[in-house]
Asker: 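Got a structure for you, written out below as C-alpha cells; questions coming shortly.
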2 protein chains.
Amino acid sequence: MVVFAGQGDPRRSMSLLWRAEPERTRPGPKPALSVAEIVDAAIAVADTAGIAALSMRAVGERLGRTAMALYTYVPGKGELIDLMSDRVLAELPADYDLSAGWRPAVTAWANDLWVCYLRHPWLLQVSQARPVLGPGEHTMLESLLRVLRPTGVPARTLWRLAGTLSCFVRGSAQAVAETRQATATTGVGEDEWWYTRSALLEELAPDFDERFPTLSWMAGQEAFRNEDESVPYLEQEARETFEAGLGFLLDGIEATIAPRS
Amino acid sequence: MVVFAGQGDPRRSMSLLWRAEPERTRPGPKPALSVAEIVDAAIAVADTAGIAALSMRAVGERLGRTAMALYTYVPGKGELIDLMSDRVLAELPADYDLSAGWRPAVTAWANDLWVCYLRHPWLLQVSQARPVLGPGEHTMLESLLRVLRPTGVPARTLWRLAGTLSCFVRGSAQAVAETRQATATTGVGEDEWWYTRSALLEELAPDFDERFPTLSWMAGQEAFRNEDESVPYLEQEARETFEAGLGFLLDGIEATIAPRS
DNA sequence: GCCAACTCCTTATGGCGTAAACTAATCAAC
DNA sequence: GTTGATTAGTTTACGCCATAAGGAGTTGGC
C-alpha cells in the first residue's frame, strides 16, 4: 500500500525540508541525534529491508534509541518518509550536458532517475500525489526542464513532456523494483517461481490456447531468451522495456519538437 | 507500501484464480459465504475506503462475519488481493475494433485500462512484479497484443510495445489516483493545500528563483489555468499529461511500425 | 447413531504508530 | 550556587493489524 505524506502542521514539515539545522542555545540536554542522522538511518533500513520493514522502532534501534526518541526530531512517520524521499532525490545531478542536443541529455536524466529508483525502491511506493515540495524534488524537475526548455516548445507542452517522462520512468522502474522485491521477500527465485506457475497454468487452464491465442502464439515465438545469464530474466526484460519505451517516447517527442528547431 | 501477493501454496492460489467454485457434496455445514462474495466485499471496501482500510476485519464485518471466518475461503490477505486484482481486470473488454487501424484501438485500450485504474485505485498499489497469472490479467494483455499483432512487428518488439504502454498507463493513472486519495484521506482540498504550501515555500526558500530558474520561469508563464472548474486542478493536469503522453508515445510507435505497413 | 469433515467463533501472540506521563539533563536568571 | 523552565529520551499503554490455535456447533455418508 502506498505510504502517505505527513499530514501534520505544514509549517513544521516544510521547515524540516528546507532548513539545515535549527540554531541551538537553549536549556535542556544536548540532542544526541540529528534529523539528518535519523533520515539516513531510515533510508538505510528501507534500502535493505524494504519499506514494509521501516518502522519507528527499527529506525530507533539502528541508532541505539527507542522509537519514541525520534519524535523529538520528527513529527511522525509520514514526515520522516517525506524527508527520506526528498533527500534521495537531492542526490540527482542538477545539470546535464546539452552539447549533443536535448535527446542524449533527456536520456541521461531518465537513466539517472531510473537508477535512483532502483537504488531506493521504496521511493516508488511513496505517493507522489501531493508533492513533497522539498529541494530534492525541485532539483529533479528543474534539471529536466532545463534540458527541454531550449527546444523552444511552449510552456504548456514543456510541462506535459516533463510529466510524461516522469510517469514513464516511474512506471517502468516499478516493474523492476517489484520484481526484485518479490524475489527478496518471498525467497523464491524467478525461474523456480515461473516453472511452478506455468505448470499449474497448463493444468488449471487447459483451454488457455483457445482463450488467449495471441499470448500463446507469443510464448511459442522463442523471442525470449536470456542474453546475460547473470541478470534475472524478468529484470532484464523490464530494463529492455524501459530502454525501448524511452526510445519510442523520444521519437514521438522529437516529432513534436522538430518542426520548431 | 505496496501490497504483495500471497506467498502460500501456489496451487491453492492458482486454483482460486481459475476455478469457478468447488463442487460440494461433503459433510459439514453449508458455507454461508463464497469466495466471489468475499472478493466483491473486499473490492467494495477498497474502492470506498482505500486499500489502507482493507482489513480482514473490515471485509468480514461487511459480510456479517468475523475476520477469521474468511480464512476458510481464502488462504490469507495476500491471496485475497490477488483475487481482487484479477477480478477487476477481467471486466476489461477482450476485443477492440480494428477497422480504423491500430491507433484508435490502442487508444481505446489505454483509456479503458486508465478508467479501470481510476475506478479501483487500490489496483495501482498492488505489486505487479510477480504477475497474478489469473484470467483477468491475461485478458488485459491478450486484448492489447491482439490489437498490435496485425501491424506485423516482430514478437520481441510487440512485447516491448505492450510493456511500454502498460507502464505508461499505470504510471500516469497513479498520478491522478494518488491526487484523489490524498484529498480524500487528508480532507484538505487542493487549492487550500497549494495555497498554504506555496506561501511557506516563499518564506522558507527565499532564494528559490535563483536555485530553480526554469521552474520559477514556468510558474510565471500563466500556462496553467483550470479550464473546467469542476475538476480539481491537479487531476485535470494529470489527465492531460496522460493524453498528451499517449500521443507522444503513439507517434513514436507509429514511426517504428510505419516502415513495414 | 456415529464419525469425519467442515464452518465459524473466541482467544492469544507479536507486530505497528503514537499519546501520555515521567526522569534526567541542561541553561538563564537570580 | 540554587532555582525553574525547557528539553531529550524512556517507559508504559492503547487500539489497531494478520493470523495461529483450539473449540463449538453443523452436516453428510456410513
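Side-chain atoms are counted along with the backbone in the values below, which use heavy atoms only and exclude waters and symmetry mates. Since the model is a prediction, treat every value here as computed from it, not as a measurement. Numbers restart at 1 for each chain; the letters A, B, ... are given by sequence-line order, proteins then strands.
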Asker: What is the nucleic acid contact for A/Leu54, judged by heavy atoms within less than 4.0 Å: base, sugar-phosphate only, or nothing?
Answerer: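 Result for A/Leu54 = sugar-phosphate.
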Asker: Do NZ/NE/NH1/NH2 and the carboxylate oxygens of A/Arg211 and B/Glu142 come within less than 4.0 Å?
Answerer: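 Looking at B/Glu142 together with A/Arg211, the answer is no, because their closest N to O distance does not fall below 4.0 Å.
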Asker: Rounded to whole angstrom units, what separation is found between the CG atom of A/Leu80 and the P atom of C/dC16?
Answerer: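 From A/Leu80 CG to C/dC16 P: 15 Å.
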Asker: Separation of B/Ile81 atom CD1 from D/dC17 atom C1', in whole Å?
Answerer: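 About 13 Å, once rounded to whole Å.
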Asker: For the residue pair B/Phe208 and A/His138, does the interplanar ring angle fall in the parallel (under 30°), tilted (30 to 60°) or perpendicular (over 60°) class?
Answerer: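 It falls in the perpendicular class, over 60°.
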Asker: Output the rounded distance in Å from CE (B/Met56) to P (D/dC16).
Answerer: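 Checked: the CE to P distance equals 18 Å.
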Asker: So if I take every side-chain heavy atom of B/Tyr71 and compare against D/dT27, D/dA18, D/dG9, which nucleotide ends up nearest?
Answerer: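 Ranking D/dT27, D/dA18, D/dG9 by closest atom to the B/Tyr71 side chain puts D/dA18 first.
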Asker: Look only at the side chain of A/Arg170 and the backbone of A/Leu124, and say whether a donor-acceptor pair between them is shorter than 3.5 Å.
Answerer: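 Pair found, side chain donor or acceptor close to backbone of A/Leu124.
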Asker: Nearest-Å distance, CD (B/Glu61) to C1' (C/dC8)?
Answerer: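 Result: 16 Å.
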Asker: Hey, which of these two, B/Pro75 or A/Gly64, hits DNA chain D nearer its 5' end, going by closest nucleotide?
Answerer: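 Nearest-nucleotide comparison on DNA chain D picks A/Gly64.
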Asker: Please determine whether a side-chain nitrogen or oxygen atom of A/Thr66 lies at a distance below 4.0 Å from atom OP1 or OP2 of D/dG9.
Answerer: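 For D/dG9, OP1/OP2 do not have a side-chain N/O of A/Thr66 under 4.0 Å.
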Asker: Let's see if you can work this out: which of C/dT7, C/dG17, C/dC27 has an atom nearest to the side-chain heavy atoms of A/Lys30?
Answerer: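 It is C/dC27.
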Asker: To the nearest Å, how far apart are A/Glu79 CD and C/dT18 C1'?
Answerer: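 Nearest whole value for this atom pair: 12 Å.
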Asker: Ion pair present between A/Glu79 and A/Arg12, side-chain N to carboxylate O less than 4.0 angstrom?
Answerer: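 A/Arg12 and A/Glu79: not salt-bridged.
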Asker: What's the closest nucleotide to the side chain of B/Pro29 if the choices are D/dT10, C/dC8, C/dC6?
Answerer: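 Of D/dT10, C/dC8, C/dC6, C/dC6 is nearest to the side chain of B/Pro29.
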Asker: Can you tell me how far P of D/dG9 sits from CG of A/Leu70, to the nearest Å?
Answerer: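 Rounding to the nearest Å, CG of A/Leu70 and P of D/dG9 are 9 Å apart.
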Asker: Dump the intermediate steps for side-chain contact (heavy atoms from CB on, under 4.5 Å) on B/Asp47 and B/Arg119, then the final yes or no.
Answerer: CA-CA 7 Å; B/Asp47 281 352; B/Arg119 214 194 307 276; 5.8 Å; no
Asker: Among the nucleotides D/dT27, D/dC17, D/dG9, which one has an atom lying closest to any side-chain atom of B/Pro27?
Answerer: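 Out of D/dT27, D/dC17, D/dG9, the nucleotide with an atom closest to B/Pro27's side chain is D/dT27.
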Asker: Can you identify which nucleotide, out of D/dT11, D/dC17, C/dG17, has its nearest atom closest to the A/Met68 side chain?
Answerer: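 The answer is D/dT11.
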Asker: Could you work out which one of D/dT19, D/dA18, D/dT7 sits closest to the side chain of A/Arg26?
Answerer: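 My answer, after comparing the listed nucleotides, is D/dT7.
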Asker: Record whether the side chain of A/Arg57 comes under 3.5 Å of the base of C/dG17 through a donor-acceptor pair of N or O atoms.
Answerer: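 Flag set: donor-acceptor pair detected.
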Asker: For A/Ala69, report the nucleic acid contact type (base, sugar-phosphate, nothing); a contact means any heavy atom under 4.0 Å.
Answerer: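 Base contact.
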Asker: Given atom CZ of A/Arg65 and atom C1' of D/dT7, what is their separation to the nearest angstrom?
Answerer: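 Result: 14 Å.
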Asker: Between atom OH in B/Tyr73 and atom C1' in C/dC9, what is the gap in whole Å?
Answerer: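 So the two atoms are 13 Å apart, to the nearest Å.
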